*Asks:* 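If you scroll down you'll find the structure; I have some questions about it.
Index from 1, following the sequence. This is a predicted model, so every value here is computed, not measured.
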Amino acid sequence: MTTTSLKLSDTLKARAIHAAQGLGMTPHAFMVSAIEQAAISTEQRADFLAQAQAARRQALDTGLGYTADEVHAYLRARAAGTPATPPQARPWRP
């Protein structure tokens with residue numbers, strides 16, 4: 001494990017200490033957790049964007065897509081626990 005120092009404003013340091021105390025953590029553990037959560041969030045966002053870009057490329061390459069009404073109906077049925085058939089991809093180009 002390596003040591004890293006952070007320069008924090010007095011206000012931010014006080015907020016971190018207060019938040020850590022409220023959670024029953026040390027300020028160090030709180031900051032490590034906050035950095036880890038930020039890293040995870042950044043990685044998840046990058047993965048989400050990569051998946052969205054791949055889906056867009058696929059839609060443009062194939063000319064197929066799903067109607068929002070059919071997708072919403074499918075998701076509502078699934079959320080209600082009702083068996084549902086996934087919507088079929090349809091051509092969206094004229």
*Asks:* Going from CE on M31 to NZ on K13, what distance comes out if it is rounded to the nearest 0.5 angstrom?
*Replies:* 7.5 Å

*Asks:* To the nearest 0.5 Å, tell me how far L23 CG sits from F30 CZ.
*Replies:* 6.5 Å

*Asks:* Whether the side chain of T62 engages the backbone of Q58 through a donor-acceptor N/O pair (distance < 3.5 Å, no angle test) should be reported.
*Replies:* yes

*Asks:* Would you say that more than 12 heavy atoms from the other residues, nucleotides or ligands in this model lie under 6.0 Å from the CG of D10, or not?
*Replies:* no

*Asks:* In Å and rounded to the nearest 0.5 Å, what is the CZ to CD distance from R90 to E70?
*Replies:* 4.0 Å

*Asks:* Please round to the nearest 0.5 Å and tell me the distance separating atom OG1 of T4 and atom CD1 of I35.
*Replies:* 7.5 Å

*Asks:* Does A38 offer a backbone N or O that forms a donor-acceptor pair with the side chain of T42 under 3.5 Å?
*Replies:* yes

*Asks:* Take a 6.0 Å sphere around CZ of R93 and say whether it holds more than 12 heavy atoms from other residues, nucleotides or ligands.
*Replies:* yes

*Asks:* First locate atom CZ of F48, then atom CD of Q53, and finally report the distance between them rounded to the nearest 0.5 Å.
*Replies:* 10.5 Å

*Asks:* State whether the number of non-hydrogen atoms from other residues, nucleotides or ligands found under 6.0 Å of Y66 atom OH is greater than 12.
*Replies:* no

*Asks:* Shortest non-hydrogen contact from W92 to L60?
*Replies:* CH2-CD2, 4.0 Å

*Asks:* Report yes if some heavy atom in the side chain of P91 is under 4.5 Å from a heavy atom in the side chain of L64; otherwise report no.
*Replies:* yes

*Asks:* Under the salt bridge (Lys or Arg N to Asp or Glu O under 4.0 Å) test, which residues partner R76, sequence neighbours left out?
*Replies:* none

*Asks:* Could you measure the distance from the CG atom of D61 to the CZ atom of R56? Nearest 0.5 Å is fine.
*Replies:* 10.5 Å

